[in-house]
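Just so you know, ligand 1 is whichever comes first in the structure, and atom 1 is the first atom listed for that ligand.
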Amino acid sequence: MLHALRFVTAGESHGPGLTALVEGMPAGLELDQEVMDYDMVRRQSGHGRGGRMKIEKDHVEVTSGVRFGKTLGGPISITVPNRDYKNWEARMNPWPVDQEPEPVKMPRPGHADLVGVWKYGADDVRNILERASARETAARVAGGTVARAFLRALGVEVRSRVVQIGPVTVPALTAPLTVEDFEGIDDDPVRCLDAEASRAMVKHITVQRKANESIGGAYEVQVFGAVPGLGSHTAWEQRLGGRLAAAICSIQAHKGVEFGDGFALAASPGSQSHDEIFNSDAEGIHRITNHSGGLEGGMSTGQPIVLRAAVKPIPTLTKPLRSIDLDTGEPAQALRERTDSCVVPAAGVVGEAMVALIIADAYRQKFGGDHIDDVKAAVDAYRERIGWQTAVTGG
Ligand code: EPS
């Protein structure tokens, strides 16, 4: 749920390209094409990706709202070309072709195929699956790069790590993570911080892939440096937890989200479920635990915001599931397409982008400002008023 920003994606998986539109950013924000492109590369990587990723070389092409590397204050539009389109021109052309391809008639269980065909009156499953495809997440990450640049200017960083692949989980942390702990995580084949768990995850993907399975998992996103008071307790749609949960659950194949200790809190006694409040000269008002995941009363607390997302195994299988032929109603095997076996490492990057967009939106809503310096000044004034850490503009 976006309030002060608008974020729209457009595009089909094998069409000419994807587009992201971000409206509501202040002027004067510096963007760096290399930094933006690095996020696009991160989303393409990870053990378990399929053949398509060898074709695509995702990069951002900014077509509006930016001049000489700085935002102008107007809508920012970004295009991500689909290199694979050249192989699909006859099948995905926006304009009539001499001979239309055979329509897809076998819906895949778990995908948008069947319900989409009903709902949109499609006579070809492709009319549904092309937009439902997680290829669309490339546009989310492209839009997210703008939000990340905005947050970085305000001292806020968003990171993610994979915490589960299939049944393989990471060990519990012995100390809270810092931004520095995430250094180099993209060099790990599953974007996991624990070397031993990473090896077991890679092995699990390799074994399951050979057995024609797809594999799900979970990742964690952490937001460092966000001020207290983003979101609001005053109205249900303003609550930051709900806004983040909606954004995460809107990502293809996502089936669950939890904040802080999340579902484990259901079993934990009240005395061990909350983050007690302390005060000291050195640290000011602070907490020593973060069971809440940095959210109380629908607002950020100033601690790291920590959420975990569950991703189901992707529904396109190399060993197709049972389905029906929509023409005859007879049993048939679901569409079998080239596919990824595991996208959880990439999903973490998409989760970062969606979280960045929501946190950026909350900052825009709370602090306003037409130029990035106005935003920094407003954040500084607020920090001063509540006595919260150091100034943003001070360096
Ligand atoms: C996807 C199927 C695969 C994935 C795709 C999502 O594409 P293709 O059908 O071309 O092999 O690779 O994801 C991406 C292309 C991407 O960029 O993430 C699906 O059916 O959802």
Side-chain angles (χ1 to χ4, degrees), residues 9-20 37-61 78-92 101 104 106-117 122 124-145 160 190-191 205 209 212-217 219 250-255 311-321 323 334-354:
T9 73
E12 282 73 42
S13 181
H14 303 97
L18 301 156
T19 303
D37 281 343
Y38 183 55
D39 267 1
M40 303 307 290
V41 171
R42 294 168 67 223
R43 195 203 65 91
Q44 284 201 266
S45 58
H47 188 60
R49 283 299 229 159
R52 176 78 184 271
M53 289 305 105
K54 294 191 178 72
I55 298 172
E56 302 300 339
K57 297 266 176 299
D58 289 343
H59 63 279
V60 298
E61 291 182 2
I78 304 172
T79 303
V80 181
N82 284 330
R83 283 166 60 121
D84 206 14
Y85 177 62
K86 66 177 187 306
N87 305 316
W88 286 76
E89 261 190 278
R91 286 170 287 177
M92 283 304 294
V104 177
M106 271 83 78
R108 289 161 298 172
H111 225 284
D113 300 356
L114 178 60
V115 185
V117 162
D124 183 347
V125 173
R126 185 158 299 288
N127 286 2
I128 304 303
L129 72 84
E130 284 286 334
R131 177 67 184 151
S133 163
R135 174 74 184 147
E136 185 258 354
T137 61
R140 298 191 192 218
V141 171
T145 61
S160 75
V190 284
R191 305 194 59 257
I205 293 170
R209 181 162 61 184
N212 292 310
E213 284 294 355
S214 60
I215 306 106
Y219 63 84
S250 77
I251 306 171
Q252 291 82 341
H254 282 52
K255 284 295 192 186
V311 183
K312 71 179 180 180
I314 45 183
T316 310
L317 291 175
T318 48
K319 172 179 65 182
L321 296 170
S323 181
L335 173 69
R336 191 182 154 162
E337 287 218 69
R338 170 187 67 190
T339 183
D340 308 298
S341 54
C342 182
V343 293
V344 181
V349 178
V350 181
E352 285 176 39
M354 293 309 291

*Taking N or O atoms only and a 3.5 Å limit, does Asp84 qualify as a polar contact for ligand 1?*
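Such a contact does not occur with ligand 1.
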
*asked:* Geometry only, no angles: is Thr339 polar-contacting ligand 1 at N/O separations under 3.5 Å?
replied: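 No, Thr339 has no N/O under 3.5 Å of an N/O on ligand 1.
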
*Would you please name every residue forming a side-chain hydrogen bond (donor to acceptor under 3.5 Å, both in side chains) with Thr137, sequence neighbours left out?*
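Testing Thr137 for side-chain hydrogen bond (donor to acceptor under 3.5 Å, both in side chains), a comparison that skips the adjacent residues, returns Arg43.
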
*Residues forming a side-chain hydrogen bond (donor to acceptor under 3.5 Å, both in side chains) with Asp124, sequence neighbours excluded*: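 Listed in chain order: nothing, the list is empty.
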
*Using a strict 4.0 Å threshold on nitrogen-to-oxygen distance, state whether Glu56 and Arg49 make a salt bridge.*
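Result for this pair is no, no salt bridge flagged.
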
*Identify whether the distance between the nearest side-chain nitrogen and carboxylate oxygen of Asp58 and Arg135 falls below 4.0 Å.*
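Result for this pair is yes, salt bridge flagged.
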
*Could you check which of Met40, Gln252, Arg43, Arg52 puts a non-hydrogen atom nearest to atom 18 (O) of ligand 1?*
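Shortest heavy-atom distance from atom 18 (O) of ligand 1: Arg43.
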
*For atom 15 (C) of ligand 1, which candidate among Gln44, Glu136, Arg135 holds the nearest heavy atom?*
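Result: the heavy atom closest to atom 15 (C) of ligand 1 is in Arg135.
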
*For ligand 1, note which part of Leu129 has a heavy atom under 4.0 Å away: side chain, backbone, both or neither.*
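The answer is neither; Leu129 stays 4.0 Å or more away.
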
*Select one of side chain, backbone, both or neither to describe which atoms of Met53 lie under 4.0 Å from any atom of ligand 1, heavy atoms only.*
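Met53 to ligand 1: side-chain contact only, backbone stays beyond 4.0 Å.
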
Please report the shortest heavy-atom distance between [X] and [Y], naming the atom on each side.
X	Y	answer
Ala142	Val60	CB-CG1, 4.1 Å
Leu321	Pro109	CB-CG, 3.9 Å
Gly110	Lys312	O-NZ, 2.9 Å

*Quick one: which ligand 1 atoms are inside 4.0 Å of a heavy atom on His111?*
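The list of qualifying atoms is 20 (O), 21 (O).
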
*Is it true that His14 lies under 4.0 Å from ligand 1, counting heavy atoms only?*
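Yes, His14 has a heavy atom closer than 4.0 Å to ligand 1.
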
*Mind checking whether Ala138 has a heavy atom under 4.0 Å from ligand 1?*
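No, that is not the case, since the closest heavy atom of the residue is not under 4.0 Å from the ligand.
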
